[in-house]
J.: 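This is the structure I have questions about; it appears just below.
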Amino acid sequence: MHRIKELPTRIGEEVVLLGWLMNVRSSGKIAFLQIRDGSGVVQAVASRAELSESAWQDVQSLTQESTIRVTGTVSQDPRSPSGVEIHLKDLAVEHLTEDFPITKKEHGTGFLMEHRHLWLRSSRQSAALRVRSEVSQAIRDFHYERDFVLIDSPILTPAACEGTSTLFETDYFGEQAYLSQSGQLYLEPAAAAFGKVYCFGPTFRAEKSKTRRHLMEFWMVEPEVAFLDFEGLCDLAEEFVSYLVARVLDRCSEDLKVLERDTSKLEMATSPFPRITYTQAIEKLQDLGTVIEWGEDFGGDDETVLAEQFDRPVLVTHYPTAIKAFYMEPDPENPDLALALDVLAPEGYGEIIGGSQRIHDLALLERRLEEHELPLEAFQWYLDVRRFGTFPHSGFGMGIERFVAWVCGLKHLRETIPYPRMLNKIYP
RNA sequence: UCCUCGGUAGCUCAGCGGUAGAGCGGUCGGCUGUUAACCGACGGGUCGGGGGUUCGAAUCCCUCCCGGGGAGCCA
């Protein structure tokens, strides 16, 4: 058995393919089959004169998405969509499909999402998911090459880490438990054990968000590094994003072509990235006519307007402490500001990274927990990191669906994950 | 939760007070180089549910249900 991907190297040879029929065009005594096997698409030419009567009858009976086994000779031909085609010698129908729901014409997104398990077969969907697979591998390689240790953080977590309103609740032998919305609190102790650590896994948010930029279940990668200061964190985020983009450009050019992605915009995403402070960002937005005051967080439109000012991802730093998480280290030059970092992707894809230097002083962290009205008891194990050999450290989180959406030029996050979990929708 | 748009054939939609329509898909037939092939024929409907107005409702009104897009929140 051969794979379609390798056919250009087998011109003149006889091959056997197993795959699915995407489409067939018949013209009387000759028919053109578009065959897909997961590695690519190829055209097979069936000529009545060159086939047995039973094989020709099988060709006549073929339906969309039937499973077939074809035998034939590979040749180059400019009339074939892929430049290569197979001249059929034999064909066997392994399974005759009836009434495949996704037809050649257009469908609405609601219908396609209902049939997500079948929609995966389309060339655009599989291209996007192949990019996602490459990004996942690149994330692991990036950390592995830099001596990070993978720490799998738990998915089932106990009470209340950052407020329960956005957590999925579940029963844990009579106790309340929640699905994880971040691995960070578990990474910080591990950073004291291994120095450089990261986690990469699914994350759950029960927010009733209904936009193209939100999923209830998404995958997040979170590095956490001991003795890394804020400047170093910004450098790491920049190196990480440019590494991933370069990797996709290098290895997924065919998929980006299928997705009709303008890669010139991705090629710009090289170091250094512009860096501006929150305060500068507010001033810039005000200059551009946005009604926003210092101290407010950015909305989705603000992020888009801001990112449009730059030709590559932009780092926004030093946010007001008041609008950021309890664990973020204050700026030593101005305690009203946090050593916090967001990376905004270009072209309106919004925030792809959020991170900070962490508070390492025990007394300050306890005070912050109280100010945020969080239960001190639940955080004792987390505070132990500050009790026993505390150390400055920093980390960030990147949602890979947003990254993949940007790289692929997809408007909606639902196409960047095989089976999206969306508001009130958990099928298929 | 709020704002907004929508629900008519398997799919995508038109029709917006007077006999339910088209394209695609399906079935049958034709065609030896098709490119979401093309040509001819055929089948296909509780017009989201309920209530109301009217001689008459897919069409107007009320109400409920379901879906798309967006806001807030965030990655």
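To find a chain, count down the sequence lines: A is the first, B the second, and so on, and within it residues start at 1. Any value given below was found using the heavy atoms of this structure, including those in side chains, with hydrogens, waters and symmetry copies removed. Quick caveat: nothing in here was measured; it's all calculated off a predicted structure.
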J.: Of A/Gly397 and A/Val45, whose closest RNA chain B nucleotide lies nearer the 5' terminus?
T.: A/Val45
J.: Check this for me: does any side-chain nitrogen of one of A/Glu238 and A/Arg312 sit under 4.0 Å from a carboxylate oxygen of the other?
T.: no
J.: Considering only atom P, compute the distance from B/C64 to B/U1 and round it to an integer number of Å.
T.: 13 Å
J.: Using the P atom on both, measure B/U59 against B/U53 and round to a whole Å.
T.: 15 Å
J.: Hey, could you give me the CZ/CG distance between A/Phe273 and A/Asp311, rounded to the nearest 0.5 Å?
T.: 10.5 Å
J.: What I want to check is whether the side chains of A/Gln64 and A/Thr103 have a donor and an acceptor closer together than 3.5 Å.
T.: no
J.: What pairs of donor and acceptor atoms, side-chain ones from residues 48-58 of chain A against any protein atom, are under 3.5 angstrom apart with sequence neighbours left out?
T.:
| from | atom 1 | to | atom 2 | distance (Å) |
| --- | --- | --- | --- | --- |
| A/Ser52 | OG | A/Ala55 | N | 3.1 |
| A/Glu53 | OE2 | A/Gln57 | NE2 | 3.1 |

J.: Of the listed nucleotides (B/C74, B/A75, B/G26), which one gets closest to any side-chain atom of A/Leu215?
T.: B/A75
J.: Would you mind reading off the distance between A/Phe403 atom CZ and B/C74 atom P, rounded to a whole angstrom?
T.: 23 Å
J.: Is the A/Tyr243-A/His143 ring centre distance short of 6.0 angstrom?
T.: no
J.: Rounding to a whole Å, what distance do you find between A/Glu207:CD and B/U1:P?
T.: 16 Å
J.: List the residues meeting ring-ring contact (aromatic ring centres under 6.0 Å, His included) with A/Phe310, not counting sequence neighbours, and say none if there are none.
T.: none
J.: When the P atoms of B/G7 and B/C11 are compared, how many Å lie between them, rounded to an integer?
T.: 14 Å
J.: Is atom CZ of A/Phe111 surrounded by more than 12 heavy atoms (other residues, nucleotides or ligands) closer than 6.0 Å?
T.: yes
J.: Distance check needed: B/C74 C1' versus A/Leu179 CG, whole Å only.
T.: 17 Å
J.: For A/Arg402 and B/C73, give me the distance from atom CZ to atom P, rounded to whole Å.
T.: 12 Å
J.: Using atom P of each nucleotide, how far apart are B/G30 and B/U12 to the nearest Å?
T.: 33 Å
J.: Test your reading of the model: is there a side-chain donor-acceptor pair from A/His372 to the backbone of A/Leu374, 3.5 Å cut-off?
T.: no
J.: Quick one: which protein N/O atoms are closer than 3.5 Å to N/O atoms of nucleotides 41-46 of chain B? Pair and distance per line, please.
T.:
none

J.: If B/C38 has a Watson-Crick or G-U wobble mate with both distances under 3.5 Å, name it; if not, just say none.
T.: B/G30
J.: Assign a letter to each nucleotide of nucleotides 4-11 of chain B from its 5' end: B, base within under 4.0 Å of a protein heavy atom; S, sugar-phosphate only; -, no contact.
T.: -------S
J.: Does this structure show an ion pair linking A/Arg132 with A/Asp255, if we count only N-O contacts that are shorter than 4.0 Å?
T.: no
J.: Check whether the aromatic ring of A/Phe32 stacks on the base of B/G33, taking stacking as ring centres less than 5.5 Å apart and planes within 30° of each other.
T.: no
J.: In whole Å, what separates the P atom of B/G50 from that of B/C65?
T.: 15 Å
J.: Watson-Crick or G-U wobble partner for B/A71, using a 3.5 Å limit on both distances?
T.: B/U1
J.: Can you tell me how far P in B/G52 sits from the matching atom in B/A57, rounded to whole Å?
T.: 12 Å
J.: Verify the distance criterion only: is there a donor paired with an acceptor across the side chains of A/Arg358 and A/Ser356 at less than 3.5 Å?
T.: yes
J.: Just to be sure I understand the geometry, which residues of residues 61-89 of chain A put a non-hydrogen atom under 4.0 Å away from RNA chain B?
T.: A/Asp77, A/Arg79, A/Ser80, A/Pro81, A/Glu85, A/His87
J.: Applying a 4.0 Å non-hydrogen cut-off, can you work out what A/Gln43 is touching in the nucleic acid: base, sugar-phosphate, or nothing?
T.: base
J.: Measuring from atom CD of A/Glu401 to atom CG of A/Leu410, what distance do you get when rounded to the nearest 0.5 angstrom?
T.: 12.0 Å
J.: To the nearest angstrom, how far is A/Gln34 atom CD from B/U34 atom P?
T.: 13 Å
J.: Rounded to the nearest Å, what distance is computed from the CD atom of residue A/Glu401 to the C1' atom of nucleotide B/C74?
T.: 13 Å
J.: Would A/Phe326 and A/Phe379 count as a close aromatic pair, with their ring centres under 6.0 Å?
T.: yes
J.: According to the side-chain hydrogen bond (donor to acceptor under 3.5 Å, both in side chains) rule, which pairs have a member within residues 285-306 of chain A, sequence neighbours left out?
T.: A/Thr279-A/Trp294
J.: Are any protein N/O atoms closer than 3.5 Å to N/O atoms in nucleotides 66-68 of chain B? If there are, list each pair with its distance.
T.:
| from | atom 1 | to | atom 2 | distance (Å) |
| --- | --- | --- | --- | --- |
| B/G68 | OP1 | A/Lys425 | NZ | 2.7 |

J.: Extract from the structure each pairing of a protein N or O with an N or O of nucleotides 29-32 of chain B at less than 3.5 Å, listing the distance.
T.:
| from | atom 1 | to | atom 2 | distance (Å) |
| --- | --- | --- | --- | --- |
| B/C31 | N3 | A/Gly28 | N | 3.2 |
| B/U32 | OP2 | A/Lys29 | N | 3.3 |

J.: Centre-to-centre under 6.0 Å for A/Trp381 and A/Tyr186, is that the case here?
T.: yes
J.: Using the C1' atom as the point on both nucleotides, what is the distance between B/G69 and B/G51, in whole Å?
T.: 30 Å
J.: Does A/Thr97 offer a backbone N or O that forms a donor-acceptor pair with the side chain of A/Ser66 under 3.5 Å?
T.: yes
J.: Can you give me every donor-acceptor pair (side chain of residues 196-204 of chain A, partner residue at least two apart or in another chain, under 3.5 Å) with its distance?
T.:
| from | atom 1 | to | atom 2 | distance (Å) |
| --- | --- | --- | --- | --- |
| A/Lys196 | NZ | A/Arg146 | O | 2.8 |

J.: Base, sugar-phosphate, or nothing: which does A/Gly350 touch, judged by heavy atoms less than 4.0 Å apart?
T.: nothing
J.: To the nearest 0.5 Å, how far apart are CD in A/Glu207 and CE in A/Met216?
T.: 7.0 Å
J.: Is the CD atom of A/Glu260 crowded by more than 12 outside heavy atoms at less than 6.0 Å?
T.: no
J.: Could you pull out all residues at least two apart from A/Lys257 that satisfy side-chain hydrogen bond (donor to acceptor under 3.5 Å, both in side chains)?
T.: A/Glu254
J.: Heavy atom of residues 196-204 of chain A under 4.0 Å from RNA chain B: which residues?
T.: none
J.: Determine the interatomic distance between P on B/G17 and the same-named atom on B/C74; round to the nearest Å.
T.: 48 Å
J.: Between A/Asp297 (CG) and B/G72 (P), how many Å, whole number?
T.: 10 Å
J.: Can you tell me which residue pairs pass the side-chain hydrogen bond (donor to acceptor under 3.5 Å, both in side chains) test with a partner in residues 35-45 of chain A, sequence neighbours excluded?
T.: A/Gln34-A/Gln43, A/Arg36-A/Glu65, A/Asp37-A/Ser39, A/Gln43-A/Glu85
J.: For the pair made of CD in A/Glu98 and P in B/G26, what is the distance, rounded to whole Å?
T.: 12 Å
